[in-house]
Amino acid sequence: MPTYQTENMQDIKLFSGRSNPRLAEGIAHYLGISPGAMVIKNFSDGELYVRIQDSIRGENIFIVQSLCNPVNDNLMELLIMVDAFKRASAKSITVVVPYYGYARQDRKASGREAITAKLVADLLTTAGVTRVLAMDLHAGQIQGFFNILVDHIHATALLAGHIEKLKINPADLVIVSPDTGGVSRARHLAKRLGCTIAIIDKRRDKHNEAIAAYAIGDVKGKVCVLFDDIIDTAGTICEAARLLVEEGAKEIYVCAVHPVFSGKALERLAAAPIKECIVTNTIPLDTAALPPNIKQLSVAPLLAQAIALIQSNGSVSALFGEER
């Protein structure tokens, strides 16, 4: 396996919260380093205790923590870790957030609602974070909620590579956005694969409940890949898959970056007409409990390369063929 070491790699210290330690270990492996030692535990009343066991004075710190379920605990744990590193005189504190929780509340859709994506950004900044490395934010404008550096990377190339291995003729392939909000995302994947796109017209009456109305685009006799950033309860994706079958699609695949998988998600995905559901490990999954049609890919190499580029003052955009 390749490693992504830089000349000043010895100045990096990588630490992990408790939300996704396996991913942190994978990142450390690709960097050719070991995760830093720290104690994280709960007092009997639920309060968190954090103590760094390594000297980190003057060091560049990277903290890996997904804001997944239990999101409130993982967020508070991250804030306390950042505070500990700040008070231990770290030179810089970069939080690596593979999954940015609370991102879906990024605007006021109705009166008297909170904008939690902005609130979390403010909390991280106030705690002492100097830089954020995030993957596939639910909305790109969340980068603008921060007054610190944000590197926003994508897993599109990783997912596209897996689809290419399926050896599907691009003329028979259609990338399908499950709603109008994901059209740009679907178009980017379709461009990489050299195929067309389609869109599902989705109606949402309440939270975590959506109805797929009809498909816009030619899907009859095609291999359809439903592409989204998040699968939560899987209601939207499964409804869309059934609609595509009704519209004459030959096979259905699903690609998503963040497998939230709450409620009856796994049960729904197992029962849906989906040949394979491809997700990443931005959120840890119990592999023993997964239906056979779910495939999880690792984003550890991509995050490791981004960390190495940050450390060496390289262009993170170069990961996507875009020089700044």
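FYI, the numbering just counts along the sequence from 1.
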Nearest 0.5 Å please: distance from the [atom1] atom of [X] over to the [atom2] atom of [Y].
X	Y	atom1	atom2	result
S19	D73	OG	CG	11.0 Å
D229	Y99	CG	OH	8.5 Å
M81	N74	CE	CG	8.5 Å
L67	L124	CG	CG	7.0 Å
L269	C277	CG	SG	5.0 Å
T156	L193	OG1	CG	10.0 Å

Could you tell me which non-hydrogen atom of I278 sits nearest to which non-hydrogen atom of L159, and how far apart they are?
CG2-CD2, 3.8 Å
Count the heavy atoms belonging to other residues, nucleotides or ligands that lie under 6.0 Å from [atom1] of [X], then report whether that count exceeds 12.
X	atom1	value
M76	CE	no
K86	NZ	yes
N147	CG	no

Can you check side-chain contact (heavy atoms from CB on, under 4.5 Å) on L173 and I163, steps first, answer last?
CA-CA 10 Å; L173 185 64; I163 295 170; 4.3 Å; yes
Do [X] and [Y] come within less than 4.5 Å of each other through their side chains, counting heavy atoms only?
X	Y	answer
L226	L244	yes
I168	P170	no
I153	L133	yes
I33	L14	yes
C68	P284	yes
L48	N42	yes

Pairing donors with acceptors under 3.5 angstrom, does anything connect the side chains of Y102 and N72?
yes
How about R131 and T94: does a side-chain donor come under 3.5 Å of a side-chain acceptor?
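Not at all, the side chains of R131 and T94 share no donor-acceptor pair under 3.5 Å.
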Test N169 against V223 for side-chain contact (heavy atoms from CB on, under 4.5 Å), laying out the working first.
CA-CA 9 Å; N169 187 336; V223 176; over 6 Å; no
Same apolar cluster (I L V M F W Y, side chains within < 4.5 Å links), L149/I307:
no
Joint hydrophobic cluster, I52 plus Y49, side-chain heavy atoms closer than 4.5 Å
no
Begin from the C-alpha positions of F62 and I27 and carry the test side-chain contact (heavy atoms from CB on, under 4.5 Å) through to its verdict.
CA-CA 11 Å; F62 291 82; I27 294 169; over 6 Å; no
